[in-house]
Structures are given as structure tokens and as C-alpha cells.
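A quick write-up on the structure given underneath.
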2 protein chains.
Amino acid sequence: MAEVRSVDTRERILDAAERLFMAHGYDGTSMRHITGEAGVNLAAVNYHFGSKESLMQEVFRRRLDWLNDERMRVLDALEAEAGDQAVKPSAIVDAFFGTLLRMADDETRGGMTFLRLLGRTLTEPSEFIRAFLAHEYKAVMDRYKEALFRALPEVPKAEIVWRFHFMLGATSYAIAGTDALRLVTDWQIEDEDSTDRLDRLVPRLMSFLLGGLRAPLPQFADAAGAG
Amino acid sequence: MAEVRSVDTRERILDAAERLFMAHGYDGTSMRHITGEAGVNLAAVNYHFGSKESLMQEVFRRRLDWLNDERMRVLDALEAEAGDQAVKPSAIVDAFFGTLLRMADDETRGGMTFLRLLGRTLTEPSEFIRAFLAHEYKAVMDRYKEALFRALPEVPKAEIVWRFHFMLGATSYAIAGTDALRLVTDWQIEDEDSTDRLDRLVPRLMSFLLGGLRAPLPQFADAAGAG
DNA sequence: AAATGATTCATACGTTCGTTTGAATCATAG
DNA sequence: CTATGATTCAAACGAACGTATGAATCATTT
């Protein structure tokens with residue numbers, strides 16, 4: 001079996017696809033863009049991956065398998081360390097979002113490119129992508145939800161689930177828009193260079209997420225409670 | 001001038017485009033989908049709007065003109081009411097995000113469809129869309145940033161800008177994913193029906209946003225301050 | 001009623017899309 | 001060296017894309 005060439009080609013395709021899907025979206029990226037940038041023949045994608053959809057799935061699987069395994073490992077370690085005590089909310093949030101954000105510095109795992117792709121894709125419309133991500137994420141999301149339920153027993157579960165949702169949004173947006181949103185907001189932060197910005201994004205975002213997670217419970221207009 | 005027909009056709013196209021762009025994205029929606037769903041001739045889009053890009057811009061302009069004017073009006077009123085006092089952060093946040101979220105109940109202004117379109121588009125890759133939104137949003141963003149600077153004089157401006165960014169993300173995600181993210185997280189909140197969920201989204205999100213905005217400032221690993 | 005300008009219509013243009021095909025080329029095994 | 005299976009290649013497929021065209025139809029004015 002001559003796997004040397006094919007592995008090279010596969011990875012070149014995956015790298016190019018990751019970058020182009022991030023920059024132009026799924027529908028905005030053609031197979032000819034991908035194969036052109038990867039320096040391989042047009043037919044190589046269908047030969048190695050079967051279809052464009054399968055390629056997209058493989059782009060995510062390559063990174064998410066490690067990320068979600070790592071998230072599980074970190075949470076395992078936290079719970080083992082805590083014994084019969086509850087794990088602190090800040091540790092849970094860091095295990096989920098911090099583990100994600102620290103991928104930005106690891107180019108062997110996609111770095112910022114993959115993070116921004118993931119951030120954008122979570123709000124992308126394509127049905128098959130959402131279905132695929134739902135499947136990939138289900139187990140780890142359930143684990144973390146349960147951990148937060150135990151860590152915050154006084155907060156209604158529905159509220160925790162919503163706030164997890166909000167945290168996901170703030171994070172994915174912060175990642176996806178690290179360059180893009182500069183356009184929308186057009187702010188200038190004069191005293192920080194770009195490397196600075198990334199280093200400080202994690203503590204900044206963590207403060208925000210924890211502040212939101214532990215905010216006072218909302219008061220609803222009607223009488224009923226939240227669960 | 002026979003404007004009756006053209007106005008009807010224009011609005012039918014805009015309504016269909018708004019819905020389809022929301023559901024399938026810009027690149028994922030064809031002119032034939034739009035004109036088919038609107039029940040008009042294929043050439044009508046180019047006749048009335050010139051191009052697909054111009055149509056997209058008009059879809060947004062139709063809603064954003066009102067939204068951002070309204071945001072300006074509300075902030076004007078708040079500042080007039082406060083006199084030389086500072087406007088409360090919670091009032092500013094409500095003026096910006098609450099005004100947006102309350103569009104969900106106003107079908108004459110696009111309702112949830114437009115909100116979800118906007119939420120998704122803020123992370124979409126197409127260059128011309130981001131450039132257009134940047135232009136449409138610039139004035140109102142500057143006004144609100146300044147208002148938050150005055151409301152939170154003890155918080156570094158860079159930190160406020162970042163947290164505004166995070167709030168935008170949480171909000172746009174909460175909107176865009178009101179249905180979609182159910183797939184990813186697969187949570188079930190048994191005791192709330194869907195109308196309930198929308199009514200309670202606003203106070204829930206507001207609590208989260210304010211908690212994040214007023215969270216303790218992050219501690220950076222190195223010595224330098226944040227601005 | 002005739003004329004005019006706005007709008008709608010069917011149809012076609014050239015391009016690009018994802019995918020397929022079958023031959024050519026490669027690396028390895030017998 | 002030859003056979004074999006894996007991979008690469010150029011080329012083409014039909015379908016769908018955004019856009020343009022010119023005739024037909026409509027509403028309005030003279």
C-alpha cells in the first residue's frame with residue numbers, strides 16, 4: 001500500500017479547505033479553489049473524501065475529535081481532584097472554553113484558522129453541517145451541562161442551559177470576529193498589538209463569561225418561576 | 001407613474017429574500033429560489049434592485065434604518081432624562097439590545113426572521129456584506145460606546161469595547177440559534193412552551209449581558225495594564 | 001383612442017458548479 | 001521484470017448560477 005502520497009494529498013486538501021471554508025464559507029468555497037490552493041488535481045477531493053460535504057465533515061472531525069476528547073479528560077481530572085466536592089464553575093468554564101481558546105496557539109491543531117471556522121460554522125445555515133456538529137458535540141455538551149448543574153445547585157437548570165448557550169455565542173463570536181468585527185465596530189485599541197490581543201482575549205472572555213454565568217437571576221414579567 | 005405593482009413586487013421579493021437568506025445564507029440562496037417563492041419573474045430582481053448584492057443590502061437597509069434610528073432616539077431620550085447625571089449601564093444595554101430583541105414581536109419590521117438573519121450575517125464571510133454592515137452600524141456603535149464610557153468611567157475603555165463585542169456575540173447567537181442550536185445542544189426545557197421561551201429570552205439575556213459587562217476586570221499574566 | 005413609460009415576461013447567454021470517467025502514472029509485491 | 005492496486009491526471013458531464021435582452025403587457029396621461 002502506497003500511503004505516503006495519499007496522506008500528503010489528504011492533508012494538503014484538508015489544510016486548504018479549512019482555510020478557505022473559514023475565509024469564504026462552505027457555499028462560497030469551490031472545489032477548484034480548494035484543489036488549486038492545495039496544489040492537487042481537482043478529482044483528488046472526490047477520490048479521497050467522496051464529496052464536498054464529506055470533506056467538510058472531515059475538516060471538522062480532524063480537530064473536534066481531539067478537542068472534545070481533551071475536554072472530557074480535563075473534566076474527568078477536575079472531578080477526580082474535587083472528590084465528593086463540587087467542581088468550581090470557573091474551572092468548568094475554563095475547561096470547556098479555555099481548552100477551546102488555547103487551540104489558537106497550537107498550529108498543529110488548526111490554530112486560529114480552525115477556531116474562526118468553528119465560530120462561524122456554529123451559526124451557519126447548512127443543514128448537514130448543523131446535524132453533523134450536533135452529533136459530534138452531544139456527549140461533551142451533556143457532560144458539561146451536568147457538571148454545571150452540580151456546581152450551581154441553587155440556579156434553575158433551564159437558566160444554566162440558557163447561559164451556556166449565551167457563553168457559546170459570546171465565545172464563537174469573539175473568535176470568528178477577531179478580524180471581521182473590526183469592520184463592524186471600527187474601534188481602535190491603540191495600545192495593544194495583535195499578539196497582545198490574542199493573549200489577553202482568554203482572560204477577558206473568561207471574566208465576561210463568568211460574570212454572565214453568575215449574574216443575578218432574571219425577573220420575569222409574569223408570576224411563574226423558571227423551573 | 002404606476003407604482004402600485006412595483007411596490008408590491010419589490011416587497012414580495014424583499015420578504016422572500018429575507019426569509020431565504022435567513023434559512024440558507026447568501027450564497028446558499030439563488031435568485032430562482034427567491035423569485036419562485038415570491039411568485040414573480042426571475043428578471044424582476046435585477047429590474048428592481050440591479051443585482052443580488054444590491055438586493056441583500058436592501059433587505060438589511062429596510063430594517064436597519066428603523067432599528068438604528070430607534071436606538072438613537074432611545075439613547076437621546078435617556079441622556080435627556082438623565083440631565084448631567086450618567087445614564088445607567090443597564091439602561092444603555094437595554095436601549096441597544098432590548099430595542100433589537102423587541103423587534104422579534106413586530107412582524108411589520110421583520111420579526112424573528114430578520115433577527116435571525118442579522119444574527120447569522122454578523123459572522124458571515126462575504127466581504128461586501130460586512131463592509132455594508134460596518135457602514136450602517138458605525139454611527140450608532142460610536143454613540144453607544146461613548147455612552148458606556150461615560151456610564152462606566154472606572155472601567156478601561158478597551159475593556160468596555162471588548163465586552164460590547166462579547167455582548168453582541170451572545171445576542172446574535174441567542175437569536176440566530178433559537179432553533180438551530182437546539183440541534184447542537186439537544187437540550188430539553190420541558191416546562192416552557194415556545195411562546196414562553198421568546199418572552200423570557202429578553203430578561204434572561206439582559207441578566208447575562210449585564211453580569212458580563214459588570215464582571216470583575218480580568219487579571220493578565222504580564223504586568224501591563226489594559227489601557 | 002392613441003401614446004407613453006413602467007413593469008412583466010419567456011428565453012437565452014456565458015460561466016461556474018460538483019461530480020464522473022478512463023487513461024496515465026506511481027509504488028510496491030511476487 | 002512484471003503484475004497489481006493505489007493514486008493522479010486531463011477532460012468532460014449536466015445542472016445551476018447571476019445577468020441581460022427584447023418583446024409583451026399594464027397603468028396612466030394626453
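Convention: sequence-line order gives letters A, B, ...; per-chain numbering from 1.
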Numerically ordered, the residues 19-31 of chain A set in heavy-atom contact under 4.0 Å with DNA chain C is A:Thr29, A:Ser30, A:Met31
Rounded to the Å, how far apart are [X] [atom1] and [N] [atom2]?
X: A:Leu55; N: C:dT19; atom1: CG; atom2: C1'; answer: 14 Å
X: B:Asn46; N: D:dG22; atom1: CG; atom2: P; answer: 16 Å
X: A:Phe49; N: D:dT8; atom1: CZ; atom2: C1'; answer: 15 Å
X: A:Tyr47; N: C:dC26; atom1: OH; atom2: P; answer: 15 Å
X: A:Asp8; N: D:dA6; atom1: CG; atom2: C1'; answer: 15 Å
X: A:Arg32; N: C:dC17; atom1: CZ; atom2: P; answer: 6 Å

[X] with [Y]: basic N within carboxylate O range, under 4.0 Å:
X: B:Lys138; Y: B:Asp142; answer: yes
X: A:Glu79; Y: A:Arg143; answer: yes
X: A:Asp76; Y: A:Arg73; answer: no

Taking 4.0 Å as the cut-off, does a side-chain nitrogen or oxygen of A:His48 come that near to OP1 or OP2 on D:dA6?
no
On the nucleotide C:dT8, are OP1 or OP2 found under 4.0 Å from the side-chain N or O atoms that B:Thr9 carries?
yes
Validation row, ring centre B:Phe97 to ring centre B:Phe208 under 6.0 Å:
no
Going by the rule salt bridge (Lys or Arg N to Asp or Glu O under 4.0 Å), which residues pair with A:Glu18 if we only count those two or more places apart in sequence or in a different chain?
A:Arg62, A:Arg63
Stepwise salt bridge (charged side-chain N to carboxylate O under 4.0 Å, His left out) check, B:Asp27 with B:Lys52:
CA-CA 10 Å; B:Asp27 287 317; B:Lys52 189 185 179 186; 5.1 Å; no
Toward the 5' end of DNA chain C, by each residue's nearest nucleotide, A:Gly50 or A:His33
A:His33
Options [options], nucleotide nearest the side-chain atoms of [X]:
X: B:Leu42; options: C:dT8, D:dT19, D:dA11; answer: D:dT19
X: B:Ala43; options: D:dA20, D:dC17, C:dT19; answer: D:dA20
X: B:Asn41; options: D:dA10, C:dA10, D:dT7; answer: C:dA10
X: A:Lys52; options: D:dT19, D:dT8, C:dG18; answer: C:dG18

Do you know which two heavy atoms are closest between A:Tyr137 and A:Leu64, and how far apart they sit?
OH-CD2, 4.1 Å
